[in-house]
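This report refers to the structure that appears directly beneath it.
To find a chain, count down the sequence lines: A is the first, B the second, and so on, and within it residues start at 1.
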2 protein chains.
Amino acid sequence: MTFMRIGEKPEIARLPLFRDMDDAMRERIFSGSFLQVFPPQLTLFEVGQRADFLHVLVDGAVELYAAGGGRDTTMRIVEPVTSYILAAVINDMPYLMSARTLASSRILLVPAALMREVIKQDTALMQATMHELALGYRDLVRALTDMKLRQSAERLGHYLLEYSARHGENWEFELSGEKRVLASLLGMTPENLSRAFSTLKGHGVSTSGSKIRIEDRIALSAFSRPDPVPADQR
Amino acid sequence: MTFMRIGEKPEIARLPLFRDMDDAMRERIFSGSFLQVFPPQLTLFEVGQRADFLHVLVDGAVELYAAGGGRDTTMRIVEPVTSYILAAVINDMPYLMSARTLASSRILLVPAALMREVIKQDTALMQATMHELALGYRDLVRALTDMKLRQSAERLGHYLLEYSARHGENWEFELSGEKRVLASLLGMTPENLSRAFSTLKGHGVSTSGSKIRIEDRIALSAFSRPDPVPADQR
DNA sequence: GGGTCTGCTTGATATACATCAATTCAATAG
DNA sequence: CTATTGAATTGATGTATATCAAGCAGACCC
């Protein structure tokens with residue numbers, strides 16, 4: 001694999017997507033792929049483009065967003081190490097979202113045709129892909145119900161709880177990116193995000209800048225009404 | 001297969017999900033499944049239940065909905081002949097949505113364990129499942145951007161255009177179900193749906209009861225800003 | 001240090017949409 | 001045919017969120 005450093009290959013190989021497949025096949029995928037570094041704020045691809053690569057974010061941060069009617073909306077913030085736009089690659093269809101780096105990022109680019117070819121030959125990879133897509137599907141079901149059933153401050157509260165749970169149950173943490181991106185992800189304006197934060201002050205959350213402290217998990221949970229089904233185990 | 005009539009087996013076998021698989025394997029799935037008739041307004045399953053069956057709606061109509069904070073919201077209206085809740089079955093996880101019949105419905109119930117077992121043995125079925133999930137994923141991406149970027153009347157306009165395209169490019173058609181369900185699917189109240197319809201009168205849509213006529217496709221399209229990527233071919 | 005960014009916050013106002021309440025309409029039963 | 005019921009519509013009002021407009025604070029620069 002071009003530009004690949006020691007130490008990151010095992011990290012990628014350990015991903016659920018590539019973990020169970022045949023070693024030789026995995027090597028074939030890796031040797032046909034490129035690991036590239038991109039500067040921050042760079043557009044990686046645009047809506048409508050034919051999916052040419054499966055992306056695996058190794059380091060940095062990537063934003064997936066959709067445009068329409070002059071406005072942008074963030075669909076997902078990808079954290080390392082994770083693959084994205086798998087669905088478009090599988091079906092050989094145009095991207096429904098655009099992508100840009102939020103920070104300087106190292107990304108593994110797997111040619112879509114290669115990915116599709118190896119999937120056909122390696123059942124374990126196909127099965128892992130299927131599982132990955134099913135999990136992604138469920139994430140989106142959650143995101144859609146979130147938008148339809150919760151109002152903005154509740155969405156923020158729910159996001160903070162999920163974020164904390166995903167990052168080692170820390171009650172105290174720092175928001176990684178800009179708040180404007182978070183606002184867009186949560187489907188609100190930056191102004192409204194500010195107000196949502198001050199609403200949450202009355203429900204067990206204290207903030208200072210981008211530092212968040214969940215002081216009363218119970219109260220926050222009661223306020224933001226957690227999903228009836230807990231988050232999927234990965 | 002229990003209760004199965006002549007004529008519907010080929011219809012199900014022709015579904016993209018089951019089309020390409022081995023005939024004997026397909027027969028194994030079918031013979032382990034049940035075709036049942038359910039009355040209207042019956043709850044088929046609830047959020048949080050472990051996925052025990054893959055459903056294939058053969059005839060009738062089914063609503064998938066999610067609850068939260070006292071309210072309900074329609075996530076999807078399933079039309080025959082289509083499978084649903086595939087993702088939960090694949091991953092052996094609890095349903096994220098509840099389901100109820102909107103009309104008297106004939107549904108094929110495929111035991112989830114059987115489905116998962118045969119998938120492991122039949123690569124063609126696995127591949128078809130993978131494709132189906134990827135398509136479903138893309139549908140949800142569209143639904144989420146729709147909610148985040150369009151306002152209510154635009155969503156209705158967009159829905160009418162898509163509906164017309166999916167049902168043989170008819171400019172004139174009748175809405176199948178109750179409007180309250182459509183309102184919930186589109187993320188608005190029934191009252192607001194009424195107002196949205198009258199807004200669309202000024203953009204090339206005329207209605208009378210549940211009869212819809214798209215008189216000016218161009219105008220409606222301009223108003224509701226179609227997706228940058230046209231709907232996936234199935 | 002002062003200045004100039006840029007992003008975040010705060011306040012005032014506008015707007016989309018929900019809610020509440022009444023009325024109309026359509027389907028059905030007697 | 002009229003009476004009854006539930007859904008759809010219409011109108012009046014309330015609320016969540018967006019928009020517009022300042023102000024404020026931390027980062028970077030000279």
Side-chain angles (χ1 to χ4, degrees), chain A residues 40-41 61 63 68-74 77 102-103 146-160 174-203 205-212 223-225, chain B residues 40-41 61 63 68-74 77 102-103 146-160 174-203 205-212 223-225:
Chain A
Q41 301 303 331
E63 178 193 9
R71 284 178 306 178
D72 265 12
T73 192
T74 305
I77 296 171
L102 291 174
D146 193 45
M147 276 302 299
K148 290 182 82 176
L149 290 175
R150 273 187 269 258
Q151 49 194 51
S152 57
E154 296 170 345
R155 287 201 296 276
L156 176 59
H158 180 246
Y159 175 84
L160 294 177
E174 187 137 6
L175 292 175
S176 40
E178 295 181 7
K179 287 196 182 168
R180 50 199 313 282
V181 179
L182 177 58
S184 177
L185 178 69
L186 295 176
M188 63 184 100
T189 58
E191 293 95 321
N192 219 340
L193 179 64
S194 269
R195 292 186 248 267
F197 267 119
S198 43
T199 300
L200 290 190
K201 284 203 177 79
H203 299 275
V205 177
S206 69
T207 63
S208 121
S210 61
K211 255 228 187 72
I212 312 291
F223 175 75
S224 40
R225 290 186 272 106
Chain B
Q41 300 302 332
E63 178 194 9
R71 283 178 307 177
D72 266 12
T73 192
T74 305
I77 296 172
L102 291 174
D146 192 44
M147 276 304 297
K148 289 181 83 176
L149 290 175
R150 272 187 269 258
Q151 49 195 50
S152 57
E154 296 169 345
R155 287 202 295 277
L156 175 59
H158 180 247
Y159 175 85
L160 294 178
E174 188 137 5
L175 292 175
S176 40
E178 294 181 9
K179 286 195 181 168
R180 50 200 315 283
V181 178
L182 177 58
S184 177
L185 176 70
L186 294 176
M188 62 183 101
T189 57
E191 293 94 322
N192 219 340
L193 180 64
S194 269
R195 292 186 248 267
F197 268 118
S198 42
T199 301
L200 291 190
K201 285 202 176 78
H203 299 275
V205 177
S206 68
T207 63
S208 121
S210 63
K211 255 226 186 75
I212 312 290
F223 175 76
S224 40
R225 291 186 271 107

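No donor-acceptor pair under 3.5 Å is formed between the side chain of K211(B) and the backbone N or O of L175(B). Remark: side-chain polar atoms of K179(B) are paired, donor with acceptor, to backbone N or O of G209(B) under 3.5 angstrom.
When rounded to the nearest whole Å, the span between CE of M188(A) and P of dT15(D) equals 20 Å. In this structure, R150(A) atom CZ and dT15(D) atom P are separated by 23 Å, rounded to whole Å. In this structure, L156(A) places its CG atom 11 Å from P of dT9(C), rounding to the nearest Å. Taking atom CG of L200(B) as the reference point, atom P of dT9(D) lies 12 Å away to the nearest angstrom. Between K148(A) atom NZ and dA18(C) atom C1' the separation is 15 Å, expressed in whole Å. To the nearest angstrom, C1' of dT17(D) lies 12 Å from CD of Q151(B). One can place CG of L193(A) at 16 Å from C1' of dT19(D), the figure rounded to the nearest angstrom. Whole-Å rounding puts the R195(A) CZ to dT17(D) C1' distance at 9 Å.
How far CG of N192(A) is from CZ of F197(A): 12.0 Å, rounded to the nearest 0.5 Å.
For the side-chain contact (heavy atoms from CB on, under 4.5 Å) test, residues two or more places apart in sequence or in another chain that qualify with D146(A) are R150(A), R155(A), H158(A).
Within the 4.0 angstrom heavy-atom criterion, only backbone atoms of the sugar-phosphate kind lie near S152(B); the bases stay farther away. Backbone-only engagement by G187(A) is indicated by non-hydrogen atom pairs under 4.0 Å involving sugar-phosphate atoms exclusively. Among the heavy atoms of the strands lying under 4.0 Å from E191(B) is at least one base atom, whether or not backbone atoms are also near. R180(A) comes within 4.0 angstrom of the backbone, heavy atoms only, and of no base.
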Inset, instruction - Any chance you could list the contact pattern along nucleotides 22-27 of chain C? Use B for base contacts, S for sugar-phosphate-only contacts and - for none, protein heavy atoms under 4.0 Å, 5' to 3'. - result: ------
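OP1 or OP2 of dA18(D) has at least one side-chain nitrogen or oxygen of N192(A) nearer than 4.0 Å.
No side-chain N or O of S224(B) forms a donor-acceptor pair with one of E154(B) less than 3.5 Å apart.
Residue G177(B) is the one, among T189(A) and G177(B), whose nearest nucleotide of DNA chain D lies closer to the 5' end (criterion: closest heavy atom).
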